[in-house]
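Below is one structure, written out as structure tokens; the observations come after it.
Here is the naming used below: chain letters follow the sequence lines, and residue numbers restart at 1 for every chain.
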Protein chains: 2
Amino acid sequence: MQSRPATARPGRPRSAAADAAILAATREALVELGWSKLTLGDVATRAGVAKTTLYRRWSGKNELVVDAVAELFDELRLPDRGSLAADIEGVVLQFAAILARPEARSGLMAVVAESTRDDALRERLRTSVVDRQKRLVVEGRVRAQCRGELPPESDAGEAARTVDLIFDMVAGAVVHRTLVSGHPADEEWVRGFTQVLLLGLTGAASGAPGE
Amino acid sequence: MQSRPATARPGRPRSAAADAAILAATREALVELGWSKLTLGDVATRAGVAKTTLYRRWSGKNELVVDAVAELFDELRLPDRGSLAADIEGVVLQFAAILARPEARSGLMAVVAESTRDDALRERLRTSVVDRQKRLVVEGRVRAQCRGELPPESDAGEAARTVDLIFDMVAGAVVHRTLVSGHPADEEWVRGFTQVLLLGLTGAASGAPGE
DNA sequence: TCGCTTTCGCTACGGGTCGTAGCGTAATGG
DNA sequence: CCATTACGCTACGACCCGTAGCGAAAGCGA
């Protein structure tokens with residue numbers, strides 16, 4: 001069971017403070033410089049560490065920025081606002097607030113672009129960012145089923161496909177609105193979006209319609 | 001009135017063939033190398049032109065890739081399939097087919113990421129890519145209104161907001177499905193997506209024709 | 001307290017790309 | 001024929017990359 005000598009390793013342990021400083025410096029550099037002008041040497045200087053220390057922990061710019069941006073999504077929570085519509089609006093507003101921050105705007109789409117040619121990066125992005133968001137969809141569905149707002153799923157495969165569809169619709173719409181159209185996903189927009197999404201779901205996809 | 005000496009300019013005219021060769025070489029390099037490893041020197045070599053010629057026409061990598069990727073969306077058409085649902089499915093499938101091509105996957109998200117810090121690039125992206133897509137939404141709505149599938153808009157402002165919402169939902173969902181979730185937006189997915197979207201918009205169950 | 005191990009800061013380096021300047025030549029129009 | 005512009009080519013300084021090597025520092029076990 002000692003196949004993880006992570007803590008039982010001899011020698012000087014790695015500084016956890018350095019990790020935090022590097023990730024914070026990365027976000028700071030993303031705000032000031034953006035993705036393309038961000039250099040690892042500059043990040044190391046901002047963090048007060050040597051460039052070699054940075055390279056010992058991250059293999060490159062992509063991996064570093066993924067981790068730096070992923071921390072922004074830690075604050076995502078599923079609020080209990082009493083109804084499915086209100087819950088969706090709440091979590092979407094949180095998501096929009098994160099995407100409104102410049103460090104997320106500059107970094108997130110860049111690593112998504114890079115992940116289209118790097119399977120390892122895609123996996124890292126999936127586990128540390130995407131899956132954490134998707135879990136909120138699953139939780140929200142369960143809660144709505146407990147409330148009786150959604151029927152319990154009959155087919156597991158159909159249910160999984162529905163979760164994927166909802167997730168792509170929610171995250172995709174907010175990202176597109178914020179980063180491509182360039183308009184803020186404010187309360188008015190979120191209200192209209194939730195209305196369309198929820199009306200489309202409660203009548204159609206929840207319970208295996210045409211079968 | 002001769003403030004546009006675009007054609008009446010003395011001297012040797014610019015080679016239109018060089019423009020096409022450069023853009024084609026850019027797409028080729030995007031496929032082989034991806035965004036981050038693409039260099040302007042390599043593109044110039046592939047196109048058979050000098051690097052300086054490339055810099056005389058494009059100010060940098062961002063602008064070049066925007067133009068190269070924008071040409072991919074020229075083939076987008078709004079098909080007339082008889083019903084609003086079928087029209088949406090058709091255009092979404094076209095959009096998904098473009099996003100499935102590696103030169104679009106690598107380039108599009110990268111320029112979107114860069115455009116978050118470059119207003120001129122954002123404007124270029126908007127006029128040459130985004131607005132062209134959004135027009136399809138407007139056309140599709142007009143056609144559906146002629147068919148009687150959608151009511152004519154009462155408020156112009158409300159109608160514009162609805163178009164923006166639909167556009168962000170459609171484009172965002174397809175992009176997120178393809179590039180973030182990493183799954184193809186195939187016919188089955190498009191059918192489910194269209195069903196949810198259309199039900200959410202009209203509020204009435206639109207029976208899928210042909211089934 | 002003493003070694004062993006690993007990390008850390010620092011310097012230096014070759015390699016690559018960037019974006020521009022300069023030059024001579026090619027192509028078009030008056 | 002001449003002015004004007006585009007083109008190909010070379011060269012250049014500047015910057016960043018990613019790594020190697022070194023001595024010092026920080027834990028851990030004996």
Which whole-number value in Å describes the distance from [X] [atom1] to [N] [atom2]?
X: B:Asn62; N: C:dC18; atom1: CG; atom2: P; value: 12 Å
X: B:Leu40; N: C:dC18; atom1: CG; atom2: C1'; value: 8 Å
X: A:Trp58; N: D:dC17; atom1: CH2; atom2: C1'; value: 18 Å
X: A:Arg14; N: C:dT5; atom1: CZ; atom2: P; value: 18 Å
X: A:Arg57; N: C:dC8; atom1: CZ; atom2: C1'; value: 9 Å
X: B:Lys61; N: C:dC18; atom1: NZ; atom2: P; value: 7 Å
X: A:Ile22; N: C:dT7; atom1: CD1; atom2: P; value: 13 Å
X: A:Leu64; N: D:dC16; atom1: CG; atom2: P; value: 16 Å

Would you say [X] and [Y] make side-chain contact, with heavy atoms under 4.5 Å?
X: A:Met169; Y: B:Met169; answer: yes
X: B:Arg117; Y: A:Ser36; answer: no
X: B:Arg27; Y: B:Leu23; answer: yes

Starting from Watson-Crick (N1-N3 plus N6-O4 or O6-N4) and G-U wobble pairs under 3.5 Å, report the runs of at least three that DNA chain C belongs to. C:1-30 with D:1-30

Return whichever of B:Gly11 or B:Ala16 has its heavy-atom-nearest nucleotide of DNA chain D closer to the 5' end. B:Gly11

Look only at the side chain of B:Arg77 and the backbone of B:Leu136, and say whether a donor-acceptor pair between them is shorter than 3.5 Å. no

Working note: A:Arg81 + A:Asp87, criterion salt bridge (charged side-chain N to carboxylate O under 4.0 Å, His left out); need CA distance, chi angles, decisive distance, verdict. CA-CA 5 Å; A:Arg81 293 184 164 196; A:Asp87 285 358; 5.9 Å; no

Picking from C:dT28, D:dC17, C:dG19, the nucleotide nearest the side-chain atoms of A:Thr39 would be D:dC17

Which listed nucleotide (D:dC9, C:dG9, C:dT7) is nearest to the side chain of A:Arg9? C:dT7

Is it true that B:Arg191 and B:Glu188 have a side-chain N and a carboxylate O under 4.0 angstrom from each other? no

Could you state the interatomic distance from CG (B:Leu33) to CG (B:Asp42), rounded to the nearest 0.5 Å? 5.5 Å

With the criterion being N/O to N/O and under 3.5 Å, what pairs connect the protein with nucleotides 19-25 of chain D, and how long is each?
unit_1	atom_1	unit_2	atom_2	d
D:dA25	N3	A:Arg12	NH1	3.2

Looking at A:Leu165, A:Asp164, A:Ile166, which one forms a side chain to side chain contact (heavy atoms under 4.5 Å, CB included) with A:Val137? A:Ile166

Applying ring-ring contact (aromatic ring centres under 6.0 Å, His included) to B:Trp189 and not counting sequence neighbours gives B:Phe193

Using heavy atoms to find the nearest nucleotide of DNA chain C for B:Lys37 and B:Pro13 separately, return the residue whose nucleotide is more 5′. B:Lys37

